[in-house]
Amino acid sequence: MVVVHRPNGDFVKYLDQRQIGHLTVEVSVLRPRYRGATGSAAAAGYLYTVARLIRFLRRHKADIVHTNDGSIHATWGLPTVLSGARLLWHHRGDPAGRGINLLAPVIASHIVTVSNYAKPTSPLLPISARTSVIHSPFDHPEPLLDREECRMDLVRELGLDEKTRLIGFFGTLIDRKRPIRFVEAIHAFCAQHPELTVAGLLFGSPKHCGERLDVEVTARARELGIEKAIHLMGFRSPINRLMCAMDILLVPAINEPFGRTLIEAMLVGTPVVATNHGGNPEAIVDGETGYLVEPEVPSAFVPPMVKLLKDPSEWQRVSANAQKSALAQYGIRPHTEKIMHIYRELTGRTA
């Protein structure tokens with residue numbers, strides 16, 4: 001069964017569109033009358049919530065609880081253990097996080113991380129025997145769109161010269177994603193190769209995390225004198241057509257457990273230049289399926305960008321290699337088969 005906490009959220013819309021049944025936890029269960037209290041009242045409120053979640057799990061005869069987010073781990077972890085169910089802790093975040101290092105080793109029956117990089121750095125207890133690395137699932141794209149048509153749609157929308165090459169950034173505009181470094185990489189390229197006209201397009205929103213890095217992006221572009229080459233595109237969905245329009249995707253992020261946009265670009269054959277950091281090296285073979293560069297050095301992006309933009313055969317080679325690799329490694333079926341194998345092991349069922 002699928003349990004949702006927000007009955008009006010995007011996830012519920014996703015489930016409804018696919019006619020997938022789900023249960024909604026009543027707000028009164030997760031937000032009891034003790035919310036906002038301190039001291040003994042707060043402790044009583046927490047125990048009240050734990051008791052109600054235990055009853056919920058037992059009433060629905062849950063064998064396994066699969067959690068995949070910090071607040072969800074914190075909400076459901078202890079009730080799962082006390083209800084007699086098994087806890088599958090799915091970690092997609094910081095390998096140095098307190099929850100994955102202190103709480104998960106104690107209460108989780110099994111831990112899944114989205115990359116080797118995302119494995120906990122200092123677990124309180126040994127966990128190697130109950131930890132698996134399973135990369136995130138990705139929908140394979142429909143038959144590829146006409147790349148030039150997609151590119152020209154954006155060129156016309158932005159009023160650019162037809163020969164302008166489009167360099168993309170996809171992701172929430174937060175510090176870890178390094179949108180400022182993206183602007184600086186575009187500047188470094190323009191300074192060294194004024195004979196090629198490029199535009200840097202940032203697709204993403206700053207709203208979800210409260211940071212206003214869109215303001216900083218604009219200010220930095222103005223400071224570097226390239227404000228006309230930088231375009232804040234906002235959040236857009238779906239992204240396949242936009243990704244196909246890009247000549248190159250730049251990924252300046254650091255500490256990225258396993259970036260989704262990197263794989264989504266590879267799936268549609270858009271070459272990627274990414275930092276040699278986080279989970280990026282697990283997805284890209286440098287010089288074969290993309291390029292890896294030194295983190296926090298904007299000028300490091302320039303040489304591979306030049307190769308890709310000036311040599312069509314190199315662009316085609318990397319594009320084909322990337323797409324072939326991504327289609328072979330990342331899909332929904334291999335992901336679900338690996339997760340189901342863990343489910344069977346946790347419940348003692350062989351089939």
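The shortest non-hydrogen separation linking Lys119 to Pro95 is O-CB, 3.2 Å.
In this view, Ile72 and His5, Thr67, Asp69, Trp76 satisfy the side chain to side chain contact (heavy atoms under 4.5 Å, CB included) rule, not counting sequence neighbours.
Between atom CZ of residue Phe189 and atom CD1 of residue Ile226 there is a gap of 12.0 Å, rounded to the nearest 0.5 Å.
Remark: the Gln323 side chain and the Ser319 side chain contain no N/O donor-acceptor pair separated by less than 3.5 Å. A donor-acceptor contact closer than 3.5 angstrom links the side chains of Glu345 and His341. Side-chain contact annotation: Tyr117 with Asn280, donor-acceptor N/O pair under 3.5 Å absent.
Taking the side chain as every heavy atom from C-beta outward, Phe170 and Leu242 approach each other to under 4.5 Å.
Aromatic rings of His135 and His335 (six-membered ring for Trp) have centroids beyond the 6.0 Å cut-off, not under it. Aromatic ring centroids of Trp89 and His73 lie under 6.0 Å apart.
At least one test fails for Arg178 against the ring of Phe182: distance under 6.0 Å to the centre or angle within 45° of the axis. A cation-pi arrangement is present between Arg260 and Phe138, with the terminal nitrogen or guanidinium carbon under 6.0 Å from the aromatic centre and inside a 45° cone about the axis.
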Original post:
When you look at Leu308 and Tyr291, which way does the side chain to side chain contact (heavy atoms under 4.5 Å, CB included) test go after all the steps?
Top reply: CA-CA 10 Å; Leu308 292 167; Tyr291 290 96; 4.0 Å; yes
Original post:
Are Leu201 and Leu158 close enough, and set up right, to give a side chain to side chain contact (heavy atoms under 4.5 Å, CB included), and what steps lead you there?
Top reply: CA-CA 10 Å; Leu201 280 60; Leu158 297 171; 3.9 Å; yes
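In this structure, Leu346 shares a hydrophobic cluster with Ile64, Leu88, Val112, Ile134, Ile339, Met340, Ile342, Tyr343, the cluster being traced through Ile, Leu, Val, Met, Phe, Trp and Tyr side chains under 4.5 angstrom apart.
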